[in-house]
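Every chain is numbered from 1, with letters handed out A, B, ... down the list of sequences. Here the structure is a predicted model, which means the values were calculated and not measured.
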Protein chains: 2
Amino acid sequence: MNAIICTVDVVLLTLQDEALHVALLQRDHPPFAGVLALPGGYVHADEDVDTGDAAMRMLREKTGIESPYLEQLATFSGRARDPRGWSISVAYYALVPWQVIATARHPELSLLAVDQVRALPFDHQQIIATAVRRVRDKSSYSSLPVYLCADRFTLPQLQSVYEAILGTPINKVSFRRKIDELDILEPVAGALETGKAHRPAQLYRVKKRFYRQLSLSDRALSSR
Amino acid sequence: MNAIICTVDVVLLTLQDEALHVALLQRDHPPFAGVLALPGGYVHADEDVDTGDAAMRMLREKTGIESPYLEQLATFSGRARDPRGWSISVAYYALVPWQVIATARHPELSLLAVDQVRALPFDHQQIIATAVRRVRDKSSYSSLPVYLCADRFTLPQLQSVYEAILGTPINKVSFRRKIDELDILEPVAGALETGKAHRPAQLYRVKKRFYRQLSLSDRALSSR
DNA sequence: ACAATAGTGTCTCTTAGACAATATCGA
DNA sequence: TCGATATTGTCTAAGAGACACTATTGT
């Protein structure tokens, strides 16, 4: 019998210079050894509780990062995608602030702007495209982008994160109304973002209750 | 080495008596032989191009149905869900008009209202719950429910399908405005639904171009 | 004619976006 | 004080829902 290859891949996304970037690693085993690809690997039936657990392990082992947001994306499968044979890859995606990647202890980790991703091993290009589409869709009606922010941030910063992801300017008043409705942020008492030659902005943080839970809106933020 | 069990399961949904129903089959092999469960089975690496192909085959072989709408739902995995060992099930969901199931040649197929699904083998209850949530979410901003309609239907019929899925009455004027914006239906010239003791309704069909493609709206139809 | 539902016009209320006024910083 | 951006108030326009009026059938 021809066993099916079971793997997980993680699309680790962050925001750098106002653009979504994906984290890639040089593969250290064949096939495609030495080539940049998504962090991923075999599911270990004796070690992983499920594929979500395997994805967390992969992220931890290969990048040293623990992401509070890690969600299943989709499963990619077939005879053609892996030269070793018929394979299944359960793909996950994670969002982390840029600082988390910058301070990660794995320096061989590369960040590539998602719009500049070209040919990659397996179907990793398609997996990344799917993840980016998912993040863009979900950002338009949820608090997903806060996972790309540091633990304290200003509303103008958060707005620019949304704008970078959605690729379109957002009305300031509407944006603040939406965020206010989501009711997931709280001002950090007395904390302002100083140093700029203008009125300082209030710093906010995500309410503890929402740290690991998305908040959804029933109406989209920006309808393109 | 401990090979991982790779299966697909299909959540086949339809609308009967204004309620979403799921199609279940008696299993003819262990584990859980004789018990009602989702149509599903092993991925055949030598036969299936990918898991989507496997899901189509499963639907065809086990129910005799070919569904124009078959989408990947999510992947369920782990050590505990299958007594045979660590397993991965890539779940798909399909929507078909009730008539298609009624005329399917497999009489041992059972329809169960999704709200009355109780304990099922494996994690099939959870898979069904995920599918129902997906369908409800997606119906609120897309043309998904037309896949539950026969090839010709009236707007009041379509509205009642939406209402059954969303579980809430919808404003008639708003509904028609939305459907009109989606621009996926065309009236069948001269075809009216007669026989009722009131003004007959115009029959519509899905434009060919959209027969296999969802149409999305940027605003939700009914905000709960 | 009457009951019943289809189909459509229109009013109101809610929500999104435009605009602008005020606030508060560094230079 | 000036320039710059934060924050907030308010007006306007677009969209959703309520209501009601007309249309057309079977009984």
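- In this structure, a donor-acceptor pair under 3.5 Å is absent between the side chains of A:Asp50 and B:Ser77.
- As a whole-Å value, the separation of B:Tyr141 OH from D:dG15 C1' is 20 Å.
- Atom CG in B:Asp180 sits about 13 Å away from atom P in D:dG15, given to the nearest Å.
- What separates CD of B:Gln202 from P of C:dA6 is a distance of 13 Å, to the nearest Å.
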Between protein and nucleotides 19-23 of chain C, what N or O pairs are separated by less than 3.5 Å?
unit_1	atom_1	unit_2	atom_2	d
C:dA23	O4'	A:Arg199	NH1	3.0

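- Atom CZ of A:Phe175 is separated from atom C1' of C:dA18 by 18 Å (rounded to the nearest Å).
- Distance A:Arg177 CZ to C:dG17 P: 8 Å, rounded to the nearest Å.
- Separating the CG atom of A:Asp218 from the C1' atom of D:dA16 is a distance of 12 Å, rounded to the nearest angstrom.
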Task: Verdict with reasoning, A:Leu73 to A:Ile127, per side-chain contact (heavy atoms from CB on, under 4.5 Å) - done: CA-CA 9 Å; A:Leu73 174 64; A:Ile127 296 178; 4.1 Å; yes
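- Between B:Lys178 and the phosphate of D:dA16, there is a side-chain N or O to OP1/OP2 separation shorter than 4.0 Å.
- Counting heavy atoms of neighbouring residues, nucleotides and ligands inside a 6.0 Å radius, atom NZ of A:Lys207 exceeds 12 of them.
- Remark: the B:Glu193 side chain and the B:Gln202 side chain contain no N/O donor-acceptor pair separated by less than 3.5 Å.
- Look at NE2 on B:His198: it is 9 Å from C1' on D:dG26, rounded to the nearest Å.
- Counting only N and O atoms by type, the side chains of A:Ser215 and A:Ser143 include no donor and acceptor under 3.5 Å apart.
- Mapping A:Ser174 and A:Pro200 onto DNA chain C by nearest heavy atom places A:Ser174 at the nucleotide closer to the 5' end.
- What separates CZ of A:Arg176 from C1' of C:dA18 is a distance of 16 Å, to the nearest Å.
- No donor-acceptor distance shorter than 3.5 angstrom exists from the side chain of B:Gln72 to the backbone of B:Val90, with no hydrogens or angles considered.
- Checked for salt-bridge contact, B:Arg205 and B:Asp151 miss the test: no charged N lies under 4.0 Å from a carboxylate O.
- In this structure, A:Glu186 contributes its side chain and A:Val206 its backbone to no donor-acceptor pair below 3.5 Å.
- In this structure, a donor-acceptor pair under 3.5 Å is present between the side chains of B:Tyr92 and B:Thr51.
- Residues from residues 153-164 of chain A lying near DNA chain C, meaning a heavy-atom separation below 4.0 Å, are absent.
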